[in-house]
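These notes concern the structure reproduced below.
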Amino acid sequence: MSERNWAGAHTPKQLRKRRLRSVRARITVIASVVVAVTVSAGAVGFAVVLQSTLLDQATVAAEAQLDRFESLIDVSGPSALNDADGFAQLVGDDGRVLAASDDADEVPALADSEFEGGREAILPEDDDPVFIVSSEVDGGVLVVGVDDEARREAISTTALLLLAALPLLVALVAVTCWVVVGRALRPVDRIRRETEGVSAADLSRRVGVPGTGDEIDALAVTMNRMLERLDNAQSRQRRFVSDASHELRSPIASLRQSSEVMLRYPGRVPIEEFARTTSEESQRMADLVEGLLLLARADEHGLALSTQPTDLDDLVLAEASRLRALVAATSADADADADADADADGVESPSIVIDARGVSAAQAPADARLIARVLRNLGDNALRHARLTVRLSSSVQGNVAVVSVANDGANISDADKSRIWDRFERLDDARSRDQGGSGLGLSIVAEIVSAHGGSAQIVDVKGGGVRFDIRLPLNR
């Protein structure tokens, strides 16, 4: 969905809610709140420190004045205060003003309890702030004050500046975050729009990579890799469906053709031949469906394993016996056909030898039923391509058990070795059922072996032929 379509699908109220819930809005709000709290705490701390510093300075200045007036009284007596400059009062024990400077002449007497122990206080006179300290002297309490207007103005001015600067700073941070985060997320929004334009009908499209080397660049690369995986998966799925349809069409067509012949021309086709055709094609369909179901379970990671210690050599020997019986049955059918053919030239084709002399003891944790399926698929594949010999072997090499099935047929090219494990992949171009199989056997082998944590390899045999090695770990 394009940005215009996305906007058109929502009301203005919904769009505002979405914008407020966006990453851009959340980052802006969080940054603004953090800055507001931090700056507020710093402003309060600064104001407290400033007030304390100015208060100390005022106290030092007042105490200096107090020392000067004490010295003046000691030298010239209390009456010397009347002609002195500054703010000073000598308050008697009875609470009367005994002497006062010109600045404190009209100020009422200050009670001694207000300044007991030399504590400071604020005394406004004519709306002028004065910082007061006191000290006991002979004849009463000497109260001295200094001008406190500068300290008060400094504190009030600083407070006003901080109160005015705080919202401006928060607003500046909010605007900066909104702009910077918006620009940083602009490639993300572009990637979102380009991704929305990718449809199931065309997964070949890719998003543009900024090339900045940052997280946005990594996101674009990851998105393209995901699209590539989806494209490959869809291609495999389409090919899988096409090949499955192709494979199922052949036995169905064969069954239908045989049935139509039987219906239109009763008695023309021997019942034994019809039964054999029906049985073979039905078995082929059953094997194909079973293989498809197994691969589907493997794709969904649902290939359940009943793992237990399994004697792989017994499974290999059982497969060798099955292949020998199959070879014997095939040879018997060929001899019968040759006897029935009056024009037969009498040349006998040598039967394939099943060699199991390389089988030795090998045990590994595995699902015996599935490993038997692996051996059967490999055995059928080897028998299909062998000229004279199929060799089966088993052994233990280090921490893995190795099972091998080899044939002396044609070698496999390096280009074909990578694709031979693909589903419905057959090296014969004619896709013959008799020569090429269904193309699922080796795919099933790869999936089962992978589910066991093992590996499947193709090795060329000297003198011609191919060997399939199945390696299963001894410890899982």
Side-chain angles (χ1 to χ4, degrees), residues 239-240 243 246-247 250 280 284 287-288 291 295 315-317 319-335 337-338 345 347-359 371-395 402-450 454-471:
R239 181 183 177 189
F240 185 82
D243 288 338
H246 173 83
E247 294 297 334
S250 296
E280 290 175 354
R284 176 174 173 77
D287 293 341
L288 183 59
L295 292 175
L315 297 179
V316 175
L317 292 174
E319 177 59 22
S321 299
R322 187 188 72 85
L323 291 177
R324 291 191 184 100
L326 188 59
V327 170
T330 304
S331 299
D333 291 341
D335 292 341
D337 292 340
D345 55 9
V347 178
E348 296 183 0
S349 300
S351 62
I352 297 176
V353 176
I354 308 300
D355 186 357
R357 290 176 297 177
V359 177
I371 297 300
R373 176 70 178 271
V374 167
L375 292 173
R376 178 169 183 170
N377 290 355
L378 292 177
D380 290 341
N381 180 77
L383 191 62
R384 185 181 302 115
H385 296 92
R387 292 186 298 109
L388 298 175
T389 307
V390 172
R391 292 183 176 87
L392 296 90
S393 64
S394 62
S395 62
V402 181
V403 176
S404 300
V405 179
N407 68 83
D408 59 352
N411 290 334
I412 300 177
S413 65
D414 294 337
D416 292 333
K417 287 179 181 178
S418 60
R419 67 185 182 91
I420 197 172
W421 304 104
D422 294 341
R423 300 172 185 183
F424 294 108
E425 187 65 49
R426 292 180 300 208
L427 303 185
D428 60 306
D429 296 333
R431 300 179 62 90
S432 169
R433 292 181 301 155
D434 296 332
Q435 298 297 326
S438 67
L440 291 180
L442 295 181
S443 300
I444 293 174
V445 169
E447 294 291 350
I448 293 176
V449 173
S450 177
S455 62
Q457 299 175 347
I458 304 176
V459 181
D460 290 331
V461 178
K462 292 183 179 180
V466 176
R467 187 180 75 242
F468 290 85
D469 289 344
I470 304 302
R471 308 173 69 88

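In this chain, numbering begins with 1 at the start of the sequence shown. Keep in mind that this is a model prediction, so the values were computed, not measured.
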Do [X] and [Y] make a side-chain contact, defined as non-hydrogen atoms from C-beta onward lying under 4.5 Å apart?
| X | Y | value |
| --- | --- | --- |
| Leu378 | Ile470 | yes |
| Glu319 | Leu392 | yes |
| Val374 | Leu315 | no |

Counting distance only, does the side-chain N/O of [X] pair as donor-acceptor with the main-chain N or O of [Y] below 3.5 Å?
| X | Y | result |
| --- | --- | --- |
| Asn411 | Gly465 | yes |
| Arg324 | Ile354 | yes |
| Asp408 | Arg387 | yes |

Rounded to the nearest 0.5 Å, what separation is found between the [atom1] atom of [X] and the [atom2] atom of [Y]?
| X | Y | atom1 | atom2 | value |
| --- | --- | --- | --- | --- |
| Leu326 | Leu383 | CG | CG | 5.5 Å |
| Ile448 | Ser443 | CD1 | OG | 11.0 Å |
| Asn407 | Asn381 | CG | CG | 7.0 Å |
| Asp355 | Leu388 | CG | CG | 12.5 Å |
| Asp380 | Leu442 | CG | CG | 10.5 Å |
| Asn377 | Phe468 | CG | CZ | 11.0 Å |

What are the two closest heavy atoms between [X] and [Y], and how far apart are they?
| X | Y | result |
| --- | --- | --- |
| Ile352 | Ala386 | CD1-O, 3.9 Å |
| Val449 | Arg471 | CG1-O, 4.4 Å |
| Ser351 | Val327 | CB-CG1, 4.1 Å |
| Val466 | Ile458 | CG1-CG2, 3.5 Å |
| Ala406 | Ala382 | O-CB, 4.3 Å |

message = Looking at Arg376, I want to see if its CZ is surrounded by more than 12 non-hydrogen atoms of other residues, nucleotides or ligands under 6.0 Å.
response =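 No, not enclosed.
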key: Salt bridge Asp469-Arg467, side-chain N to carboxylate O under 4.0 Å   =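 Looking at Arg467 together with Asp469, the answer is yes, because their closest N to O distance falls below 4.0 Å.
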